[in-house]
Amino acid sequence: MRFAKLTLAFVAMALVLTGLSTALSRTLIPASLDGSVTTRRPTGEWPNSSTDTWYVTVGGQTYVASPEAADGLAPGTYVNKPPWSRDLDGPGSSRLGAGGDLARLGGAYAVVIAVLFLLLWHRPRSAETKEAV
Amino acid sequence: MSSNTSTLPPRLGEMLPAPLACAVTAAGFLVFAANRGDYAGHYLAGFGGGAILGSVVVAFSKRPPRWSVLGALGVAIAFGALLEATVFRIAFFDPVDFANQSLGACVALAVVVGRPPSLPRAASLAVVAPVALVTGAVLALR
């Protein structure tokens, strides 16, 4: 019985984590990250080197983007991916929006939950384990 | 009820769960979210961190560990949150990455919960941990 409680605690933890990730992916991230590239340097200049720091304003907030992420973005480029994403590729792209990546992530979570159940339920029942449980 | 590894030699049965769980779940991420290697990367990094703590718990336990594993899971999640908020904070604290890495730690520590402590089990976790951490770093930072 005590082990059942522990099993429930682990499964609940995993479900909370997957639920948290799914809910945040579906709501907060796509909703808050639409915007456009507005500035690259505090001075207003646009860098011509991939080693410069890039500043990207998305959803009303300014982020520092990695040169790799921002490389190739023109001023005013519309993005709805987070600026730290490695594959910013312009209009129409999305990180987890529209259910595409979200559904795939759900598949991965299903595998994880299945393995978690197997690990917790298929334990060796030695005399020591029975005594402890 | 016997375990599904009960027909294997005892030591092999103790050593297999960690690498199998790691490989199968990581494959799930790589297959279903093939376009987002960083998801698998964060998951594997969390698994590696959890495996380190799991090997420590197994090494210092005299009986099958139960609630101490849950405590270790809390430590793993908290440490992962700290890293995500500081060293790996690229623009912002990414809650999806945090959830994925915490899930990795959860599965890694589920390998040891309620199972008799043994050297082969601790050793398998200690071997899987760096492999998962390095693979996770490569995938997450690629």
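In what follows, chains carry the letters A, B, and so on, assigned in the order in which the sequence lines appear, proteins first and then strands, with residues in each chain numbered from 1.
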Residues forming a side-chain hydrogen bond (donor to acceptor under 3.5 Å, both in side chains) with S118(B), sequence neighbours excluded: E14(B)

side-chain hydrogen bond (donor to acceptor under 3.5 Å, both in side chains) against S124(B), all qualifying residues, sequence neighbours excluded: none

Pairwise distance CG(L103(B)) to CD1(I113(A)) - rounded to 0.5 angstrom: 6.0 Å

Common cluster, W67(B)/L120(A), ILVMFWY with side-chain heavy-atom separation under 4.5 Å: yes

In one Ile/Leu/Val/Met/Phe/Trp/Tyr side-chain cluster, 4.5 Å: V24(B), Y43(B): yes

Residues in residues 46-58 of chain B that sit under 4.5 Å from chain A, counting heavy atoms only: none

Taking every non-hydrogen atom, the tightest pair across A108(A) and G28(B): CB-O, 3.7 Å

ILVMFWY cluster, V127(B) and L20(B) together (side-chain gap under 4.5 Å): no

From CA spacing to verdict: side chain to side chain contact (heavy atoms under 4.5 Å, CB included), F29(B), Y109(A): CA-CA 8 Å; F29(B) 271 90; Y109(A) 286 160; 3.8 Å; yes

Could you give the side-chain donor-acceptor pairs of residues 105-114 of chain B under 3.5 Å, partners two or more places apart or in another chain?
none

Residue V115(A) versus chain B: region with a heavy atom under 4.5 Å: side chain

Pairwise distance CZ(R115(B)) to CG(L119(A)) - rounded to 0.5 angstrom: 6.0 Å

same_hphob_cluster(L70(B), F60(B)) at 4.5 Å side-chain heavy-atom cutoff: no

